[in-house]
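So the structure is just underneath, and the comments pick up after that.
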Amino acid sequence: MSIRAASGAALLTLLAGAPPVFAHHSFSMFDTGAPITISGVVSGVEWTNPHVYIELDLTEPVKGAKHWSIELGSPSILQRGGWKFNTVKKGDKVSAVVSPLKNGEPGSLLTRITLPDGRVLGNGGPAGVGPGTTAPPSASPGR
């Protein structure tokens with residue numbers, strides 16, 4: 001084996017054992033045990049990997065903030081749950097149940113969102129299913 005071939009094999013071995021640079025972060029920064037409801041007008045949507053973000057200008061300030069950034073799952077997970085890239089658009093009035101950041105900053109993880117047409121979507125699955133979610137509200141008896 002030539003020195004060049006041996007060097008290439010050694011480099012491949014090192015790279016194969018290296019952790020990925022863009023490793024997924026946990027959702028431990030969010031307080032999933034204390035969900036809150038926020039409402040407002042969508043000021044932006046970032047439909048990108050590894051996570052989708054919704055920027056929301058609140059109708060009423062929450063924890064002193066009028067603007068919140070809401071993190072969602074990945075586009076592929078959201079699509080499996082019924083989302084499309086244009087499900088939420090700038091200017092939409094929405095209400096969302098979210099798990100706020102533990103550090104008090106105006107950011108959160110989506111649990112479920114109520115769209116202008118009344119549909120309720122979860123964070124990658126039915127309402128209340130997905131990373132960082134809490135149980136959806138239970139239906140009234142007789143429903």
Side-chain angles (χ1 to χ4, degrees), residues 4-143:
R4 189 173 187 172
S7 296
L11 180 61
L12 285 175
T13 302
L14 284 172
L15 290 176
V21 173
F22 298 105
H24 188 275
H25 69 82
S26 77
F27 293 105
S28 65
M29 66 183 94
F30 301 105
D31 189 354
T32 58
I36 61 172
T37 300
I38 57 177
S39 299
V41 178
V42 175
S43 59
V45 179
E46 296 174 38
W47 188 267
T48 58
N49 275 314
H51 296 277
V52 172
Y53 288 88
I54 296 173
E55 301 298 323
L56 191 65
D57 290 331
L58 304 185
T59 308
E60 295 290 327
V62 174
K63 297 185 178 185
K66 288 266 309 169
H67 180 83
W68 278 58
S69 183
I70 305 169
E71 183 172 341
L72 289 77
S74 69
S76 61
I77 289 172
L78 293 173
Q79 286 172 325
R80 282 182 258 158
W83 289 77
K84 295 182 178 160
F85 76 94
N86 61 353
T87 297
V88 176
K89 297 172 285 315
K90 185 176 181 178
D92 283 352
K93 293 179 182 176
V94 299
S95 176
V97 176
V98 297
S99 296
L101 284 165
K102 289 179 181 176
N103 67 7
E105 293 290 321
S108 55
L109 177 65
L110 181 72
T111 297
R112 63 183 171 273
I113 190 168
T114 302
L115 303 173
D117 64 6
R119 287 182 297 149
V120 178
L121 289 176
N123 194 358
V129 177
T133 61
T134 57
S138 58
S140 302
R143 276 189 160 176

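Quick note: residue numbers are just sequence positions, from 1.
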Next item on the list: Verify, without hydrogens or angle tests, whether N103 (side chain) and E105 (backbone) share a donor-acceptor contact under 3.5 angstrom.
Entry: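 Present.
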Check your understanding: L78 and N123: side-chain contact (heavy atoms from CB on, under 4.5 Å), yes or no, with the steps?
Key -> CA-CA 6 Å; L78 293 173; N123 194 358; 3.7 Å; yes
Looking only at heavy atoms, which two atoms of [X] and [Y] are closest? And how far apart?
| X | Y | value |
| --- | --- | --- |
| I70 | L109 | CG2-C, 4.4 Å |
| N49 | P75 | OD1-CD, 3.1 Å |
| P35 | P100 | CA-CD, 4.5 Å |
| V62 | W68 | O-NE1, 3.7 Å |
| W83 | L110 | CZ2-CD2, 3.9 Å |
| E71 | F30 | OE1-CZ, 3.5 Å |

Considering only distance and modelled atom types, tabulate donor-acceptor pairs under 3.5 Å from the side chains of residues 54-61, sequence neighbours left out.
| residue | atom | partner | partner atom | Å |
| --- | --- | --- | --- | --- |
| E55 | OE1 | H67 | NE2 | 2.8 |
| E55 | OE2 | S69 | OG | 2.9 |
| D57 | OD1 | H67 | ND1 | 2.7 |
| T59 | OG1 | S39 | O | 3.4 |

Sequence-distant partners of D117, side-chain hydrogen bond (donor to acceptor under 3.5 Å, both in side chains), two or more places apart:
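If we apply the side-chain hydrogen bond (donor to acceptor under 3.5 Å, both in side chains) test to D117, skipping adjacent residues, the hits are R119.
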Across all chains, not counting sequence neighbours, the side-chain hydrogen bond (donor to acceptor under 3.5 Å, both in side chains) partners of S43 are none
Sequence neighbours excluded, the answer for salt bridge (Lys or Arg N to Asp or Glu O under 4.0 Å) partners of K90 is none
* To do: For D31, check salt bridge (Lys or Arg N to Asp or Glu O under 4.0 Å) against everything at least two apart and list the hits.
  =>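 Residues passing salt bridge (Lys or Arg N to Asp or Glu O under 4.0 Å) with D31: none at all.
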Atom NZ of K93 with >12 non-hydrogen neighbours under 6.0 angstrom: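 Check fails, neighbour count at 12 or below.
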Report task. Hey, could you give me the CD1/NZ distance between I38 and K66, rounded to the nearest 0.5 Å? Result ->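 One gets 12.0 Å once the value is rounded to the nearest 0.5 Å.
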Q) Once you round to the nearest 0.5 Å, how far does CG of L72 lie from OG1 of T111? A)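 L72 CG to T111 OG1: 10.0 Å, rounded to 0.5 Å.
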**Message:** Could you check whether any side-chain heavy atom of V94 comes within less than 4.5 Å of a side-chain heavy atom of P116, counting everything from C-beta outward?
**Reply:**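 Side chain of V94 against side chain of P116, heavy atoms only: contact under 4.5 Å found.
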